[in-house]
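Below: one structure, written as structure tokens.
One-based numbering along the sequence shown.
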Amino acid sequence: MDHWRVPYLGLRQIPSDLTAFELDIFFTFSPKEIELIDSRRSDLYRLALALHIGFVRMAGRTLDAYKQIPKVLWKHLAERLNVPSLDIGTLRSLYETRPRTLVDHQQSAYQCLGFGVMTEHQRRYLIRWLKETLNGRPNPSMLLSQIKTWLYEHRILIAGDRLLRTLIAEAVRAHEDGLEQVLLDTVGPVLSDYWNERLVARTQDRVSLQEWLWSVPVRNSTVQMNELFGKVQFLRLLHVDAQWPEAINESLIRHYARRCASRTPSANKRLAPQTRRIEAACFMRYSLCAATDHLLQMLRRWLADVTNDAGKQIDNGRQDDAKTLAELVQAIKELAASPELAADELRASLQELADKALPRRASSRRKLVRLQLMTKSTQARKVLRKLVALPFASETPHRLLDALAVLRELYGKDDVSNGLPHEVQIDLGRPWHDLIHGQDRVNALRAFEWATLFGLRVALRNGSVYINHSFSFRSRTTLLIPSTEWQSKRNHFYGHLALPQDPQVYLDQIVKQLNQGMKRLDAASRAGEVAIDNDGVHLARLAPDTEDAHVATLRRAIFEGRPTAQLPRLLLDIDSHVRFSWILLGREPQSRSELLLTYAAILAHGTSLSAADVSRMIPELSSQAIRQMMDKIADERLLRDASDAVLAYMHRHPVAAHWGRGDLASADMMSLETSRSVWQARADPRRRTPSIGVYTHVRDRWGVFYDQPILLKERQAGAALEGVVRQGSTSDVAQLAVDTHGYTDFAMAMAKALQFDLCPRLAHVRERRLCVPKGLAVPSSIVPVATSSIDLDVIRDNYDEFVRVAASIQNGRCTAVQALQRFGSEARSEPVYAAGVALGRLLRTIFLIDYHTNASFRRELQHALNRGEAVHVVQRAIHIGKIPTDLAKRPEALNAVSSSLSLLTNAVMAWNTRHMQQAVDQIEARTGEALVPDDLRRIAPTALEGINLRGTFDFPLAEYEHRILPTSSAVPATGT
């Protein structure tokens, strides 16, 4: 169901201010419905029955005789049915003496639309569906709107909220009964109750254990790593790392842990025993997994920092070649200027200078860095003494586990003065081989320790080594579809991906496209459209887009009549059309205060303002109430649903159809500054400030349709794929434009398997080689830039496993980010990685040929990327400061920041779009001619002039409450 329809479900009365869109959607009738309406004997009954049919279509429930009816609706119905209009406020006078007629009209209306009253069988099926929903999205407070959507889609009349809440309570009770039973079966009642008791205990610092475990690292440092080591060790002593029931998945763990953390330990004591037991267990498990993730992520960062410091020390101590050359030249000049030197003495002196200046065989910089690291063995040993206690594992025998076992034994004896024993013959890589197997066994141990750390870093990244009590560093078995399930359901998974099961069929299609592309490139080369030589493919520079004067005039005419607005009025205006506040709350706001708190929470998340700042700008709200509402709506899925509803509203305007093709999108990252103390912050390469990235997906018809926070200086390819796979606002993204950071060869192949094309704007594109299969005939004009390096047998042999990875991403077993981390550059030795890279290079060659031969395609990709940058300008205008520290520490809060910013950005563009459409309609009505689509394409809804995004916020709710708060508003029905 479309997002914008959800707020109408379950309405008890007709909104007093219906828009033309609502009238056309809900109160326009099919020929079958018109036939049923015309069968009534009087115009009055025809209007009444039409009213009932439209209301059931809108709300999914029946309309009684005492609800008010707007005048505009009577007029619209009369025009549709060609009957005289009515001037009555309700249907009471019509049905007051004819109650059976009311029942007849209600039944006829919902039966005509295929609705029916819920049966006992449907009720049991609904309870089952609710329990399944609670497994994947365990948020009972939001189930009310979901259950209404489910009933509407299954053509079941929506009952009253009291009955629906009873069903939800029954489903939640049954769901938690099952969770408690599986928890007790796996963990046992003794250990479960013990966790519950320990959670309210106090630490040595007089802080509750719950608060200590829930805290996150203050900054990235070895002190914080020691703190995390302490948490992990403490939780393992409580046996939290013991076997965990698979039925309580990561989503459930996070949900119940957050619920437990949102209350004080004393408040948790007052919960029902069943709920307290589940929450305490999930809180302990979450704390262990989160602490492990933080620890291993900080380990990676620490290794990078230590290596960079060693590199700087090496660079500072290395000889300056320019200085050495200058000294040599100066010495030669001094010798030449010495008249007292004889010829033999001069020659001897020159020979001596030459011998000194001749370059000696120096060690490589990498080797010098390794030697420098070995002087810091104390640091490595302190970290490793704690690391070896963690239960690392692998699915196959792994040399790193053997290395950790050796170090565990050495540290256990507490005697490392003798160095590494000679009998240790573990190969930890060629760079460290000579140092580890040298005669100096003390240095060998130091090299062995650093080699283990670097090897562990790579192994954790590619998943060959994992740890069970972790969210991010799990085994590949838990990330991919189990092999038994894959073998039994291969037809199902291949069908969903629309891929042939025979790899040869798939490769034949790609090779055919490649041959056709090479013919086009050969023809373009012969025609002089492109130049090909050993340096690459040379293209004529695209002519800059020049804007005609009449487009600038049209832009001014469209925006000159647009009213000025403050952000509160803009939010109210868009909310009155979309009701995104209903989506966030799962129901209609119950009061003005609750509605304003919802807006305040969005502003506190999506701008650089804290809750205290927002409370000063909205004096009637307290900062504590705003924080509570921030916690309530801090679910990125709810915020994304609200943002998608605003995006759908924006694209409903006809002017949006002129902005782009509709199936093209772009993805790029912008950085938001935060405090230096945030441990996930990285230095922005351009701004040189600690920042966190926000990765947004933007349609070529404008609007953000997916967002996610990411770490700076990480490859963005996984985030690029994730946005297309997980977004729910559009299903027609055929091509995604990204920059070089959002591209890898493996990602390009994975995107194709997931049914869309990754279109990167590559750096140094002229020098990119065209990779073709070995033995494939290549036109002579392309030979200078072609490389026959692709082995199709590698793709054929690992095609099934590659598709398994794609299917695991599609069905949600793992995210695209997790999959591409596992199969990044650290997975070079994996056969499936080699197959994906080979396939990706083939697809990259096809893309490059299109890029070289199709100037329109090249320009379209550039337009899409430019629109993403223009959206970032709007986002920076909304979020002008730093992310508050308390929102930058946790991934859940960062997700809420990112999604709230997208919601505000879409609201600004939707507001511009609505007024642009009004201006376009007025211009076309005045001139009598339709505007040129290409002119409208050049006018973007990103104008910020006249929109005040700061100041003391005043919400003129009285102008909009009849639509946003229809139940509590007192606007008379006959006032429209």
Extract all donor-acceptor atom pairs below 3.5 Å that involve side chains of residues 875-887 and protein atoms in other chains or at least two apart in sequence.
unit_1	atom_1	unit_2	atom_2	d
R876	NH1	S671	O	3.0
R876	NH2	S671	O	3.2
H879	NE2	T607	O	3.4

Donor-acceptor pairs under 3.5 Å, side chain of residues 281-288 to any protein atom, not counting sequence neighbours: which ones?
unit_1	atom_1	unit_2	atom_2	d
R285	NH1	V240	O	3.0
Y286	OH	E892	OE2	3.1
S287	OG	F283	O	2.8

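The salt bridge (Lys or Arg N to Asp or Glu O under 4.0 Å) check on R822 picks up nothing, with sequence neighbours excluded. Partners of D684 according to the salt bridge (Lys or Arg N to Asp or Glu O under 4.0 Å) rule, which considers only residues two or more places apart in sequence or in another chain, do not exist here. For A910, the side chain to side chain contact (heavy atoms under 4.5 Å, CB included) partners are I574, V646, Y649, M650, not counting sequence neighbours. Here P568 pairs with Q566, F953, F955 under the side chain to side chain contact (heavy atoms under 4.5 Å, CB included) rule; sequence neighbours left out. Scored by the side chain to side chain contact (heavy atoms under 4.5 Å, CB included) test, A648 finds W4 as partners (sequence neighbours excluded). Remark: D575 engages no residue in a salt bridge (Lys or Arg N to Asp or Glu O under 4.0 Å) (not counting sequence neighbours). In terms of the side chain to side chain contact (heavy atoms under 4.5 Å, CB included) criterion, residue partners of P589 (sequence neighbours excluded) are, by chain and number, S581, W582, L585, E594, L595, L965. By the salt bridge (Lys or Arg N to Asp or Glu O under 4.0 Å) test, E176 pairs with no residue at all, sequence neighbours left out. For D177, the side-chain hydrogen bond (donor to acceptor under 3.5 Å, both in side chains) criterion is met by Q274, not counting sequence neighbours.
No more than 12 heavy-atom neighbours from other residues, nucleotides or ligands sit within 6.0 angstrom of CZ on R676.
The closest side-chain donor-acceptor pair between N895 and S898, if any, does not fall under 3.5 angstrom.
Within the structure, salt bridge (Lys or Arg N to Asp or Glu O under 4.0 Å) pairs that include any residue of residues 290-304 comprise R301-D305 (at least two apart or interchain).
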